[in-house]
Amino acid sequence: MKAILQSEFGSADVLTYTDIEIPAIAHNEVLIKASHTSVNYADIKKRVGNKGKGKFPLLLGLDVAGTVQEVSPDSAFSVGDRVIAFPKNGSYAEYVAASEQLVFKIPDSLSFEQASAMPTVSILSYILLHEIGQVKETDTIVIHSAAGGVGSMLIQLACIAGVGKIIGTVGNLEKESYVKRLGADIVCTYETFSEEVLKETDQKGANVIFDSVAGDVTTSSLDCLAFYGTLVQFGNSSGKAGTIKISDVHSSCRNIKGFSLGTTRKLDPARLKPVAEKVIELFASNKISLPIAQVFNLRDAGLAHKLIESRDYEGKVLLKI
């Protein structure tokens with residue numbers, strides 16, 4: 001089968017379009033013929049060596065949409081089932097193997113293109129909003145990197161939940177109209193959001209802030225987080241550590257919560273099924289959708305990575321297998 005492999009860490013040029021063996025499945029696994037996979041920022045971090053050590057040759061990719069090709073005995077799945085999944089060993093390939101616990105059926109009404117955009121960002125966003133952030137209708141929330149995949153999803157889910165005020169941050173205000181179309185009330189830059197949040201909340205601050213950037217953004221977030229507020233930390237796309245002082249939390253009764261979908265896939269995969277079913281229904285009923293920035297052919301994965309690194313896109317970047 002065709003796949004994208006890398007044999008060293010480095011720029012997008014290390015990604016090689018090549019032939020490898022179709023994976024064999026173990027008990028309680030399925031083989032999926034891939035249709036589309038999404039490109040996530042985690043793929044960039046893994047490619048350059050900032051996310052785990054990596055075992056070469058390395059196959060990137062977190063999620064996939066496709067058709068079940070082979071099942072193990074007594075499987076809950078059948079050949080021909082349309083599914084989304086989190087594969088075992090990457091998704092930039094024509095065929096992938098996945099544990100049945102991390103495979104979820106999708107209806108015929110949901111296209112593979114739209115389905116492939118959703119697994120990582122929609123399941124993560126739902127958990128962040130409802131389980132980690134425990135957002136209420138009366139809250140003012142801040143969503144950093146609002147034009148990205150998770151940001152796009154968080155805004156829509158917050159709108160469905162009836163959240164009182166949604167503030168999105170972007171690196172460039174050229175993305176303001178896009179973020180507002182998704183449902184954000186206010187859009188500002190990373191340089192000005194702290195002051196904007198305080199102004200919009202009568203100096204009280206935001207109740208929940210979703211931070212995947214870290215670095216200076218974390219510091220500024222704590223400058224505008226309300227008493228009893230929650231900072232939800234789920235990434236560090238800036239590549240820099242955020243600084244948190246004990247005095248930032250105990251006297252103000254504020255919370256700092258962390259969450260990783262990757263960790264949860266490994267340690268508590270059963271937690272994902274009820275969430276996956278909820279977001280699949282939301283997509284299938286057209287209550288939410290993910291704008292597709294661009295779709296690349298599998299052989300052009302390097303170009304997809306360069307687009308992600310440029311940050312000059314809105315929504316999700318996909319690979320057509």
Side-chain angles (χ1 to χ4, degrees), residues 29-40 61-71 75-87 91-131 147-162 178-179 181-183 261 265 269-298 304 313-321:
E29 291 181 353
V30 299
L31 181 71
I32 299 166
K33 187 179 189 303
S35 172
H36 292 74
T37 181
S38 68
V39 182
N40 294 281
L62 298 178
D63 50 29
V64 71
T67 307
V68 173
Q69 191 81 3
E70 183 183 344
V71 299
S75 174
F77 295 90
S78 302
V79 173
D81 282 346
R82 304 173 78 252
V83 296
I84 55 173
F86 297 106
S91 61
Y92 290 14
E94 291 182 312
Y95 293 88
V96 298
S99 165
E100 288 188 5
Q101 281 192 303
L102 295 173
V103 181
F104 314 104
K105 294 180 184 179
I106 59 172
D108 292 342
S109 59
L110 188 57
S111 72
F112 281 135
E113 185 174 287
Q114 184 64 205
S116 69
M118 62 168 286
T120 295
V121 295
S122 64
I123 293 172
L124 172 59
S125 296
Y126 195 97
I127 292 173
L128 291 175
L129 192 82
H130 294 290
E131 298 180 20
V150 177
S152 298
M153 197 77 265
L154 277 170
I155 292 170
Q156 293 181 77
L157 290 172
C159 288
I160 290 174
Y178 167 80
V179 174
R181 285 198 304 273
L182 291 172
L261 187 62
R265 289 199 307 269
R271 181 176 182 175
L272 302 185
K273 184 177 180 181
V275 178
E277 291 173 345
K278 288 174 183 174
V279 295
I280 288 169
E281 171 56 29
L282 288 171
F283 272 88
S285 60
N286 294 316
K287 291 180 181 176
I288 55 176
S289 64
L290 271 166
I292 307 302
Q294 195 166 339
V295 182
F296 292 86
N297 289 324
L298 179 63
Y313 68 99
E314 298 168 345
K316 288 295 294 179
V317 176
L318 306 179
L319 297 179
K320 187 178 189 308
I321 310 299

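- Cation-pi geometry between Lys273 and Phe104 is not satisfied (NZ or CZ under 6.0 Å from the ring centre, within 45° of the ring normal).
- Here the side chains of Pro291 and Tyr178 are in contact, with some heavy-atom distance below 4.5 Å.
- Across all non-hydrogen atoms, the minimal contact from Leu290 to Ser152 is CD2-CB, 4.0 Å.
- How far CD of Glu113 is from NZ of Lys320: 9.0 Å, rounded to the nearest 0.5 Å.
- The two residues Gly61 and Tyr92 have their closest heavy-atom pair at CA-CE1, 3.5 Å.
- Nearest heavy atoms, Leu154 versus Ser125: CD2-O, 3.6 Å.
- Taking the side chain as every heavy atom from C-beta outward, Asn40 and Asp63 approach each other to under 4.5 Å.
- Minimum heavy-atom separation, Val83 to Lys105: CG1-CA, 4.1 Å.
- Side-chain contact between Leu272 and Ile127: present, with at least one pair of heavy atoms (C-beta onward) separated by less than 4.5 Å.
- To the nearest 0.5 Å, atom OG of residue Ser122 and atom CG of residue Leu282 are 9.0 Å apart.
- The structure places NE2 of His36 at 13.5 Å from NZ of Lys316, a figure rounded to the nearest 0.5 Å.
- Gln114 has its side chain within reach of Ile292: a pair of non-hydrogen atoms, C-beta onward, lies under 4.5 Å apart.
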Evaluate the criterion side-chain hydrogen bond (donor to acceptor under 3.5 Å, both in side chains) for residue pair Ser75 and Glu100; output intermediate values, then yes/no. CA-CA 8 Å; Ser75 174; Glu100 288 188 5; 2.6 Å; yes
For Phe86 and Ile123: C-alpha separation, side-chain torsions, deciding distance, then whether side-chain contact (heavy atoms from CB on, under 4.5 Å) applies. CA-CA 11 Å; Phe86 297 106; Ile123 293 172; 3.9 Å; yes
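- The main-chain N or O of Val68 is never found under 3.5 Å from a side-chain atom of Asp81 such that the two would form a donor-acceptor pair.
- Once rounded to the nearest 0.5 Å, the distance linking CZ of Phe77 with OG1 of Thr67 reads 13.0 Å.
- Put simply, the side chain of Ile106 does not reach to within 4.5 Å of the side chain of Phe283, judged on heavy atoms.
- Atom CZ of residue Arg271 and atom CG of residue Leu261 lie 10.0 Å apart, to the nearest 0.5 angstrom.
- A 4.5 Å side-chain heavy-atom check between Met118 and Ile280 finds at least one atom pair inside the cut-off.
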Can Tyr126 and Lys278 be said to form a side-chain contact (heavy atoms from CB on, under 4.5 Å), step by step? CA-CA 9 Å; Tyr126 195 97; Lys278 288 174 183 174; 3.3 Å; yes
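- Rounding to the nearest 0.5 Å places OG of Ser38 at 10.5 Å from CD1 of Ile84.
- Closest approach of Leu319 and Ala304 over heavy atoms only: CD2-CB, 3.9 Å.
- Considering every non-hydrogen atom in both Leu62 and Arg265, the closest pair reads CD2-NH2, 3.7 Å.
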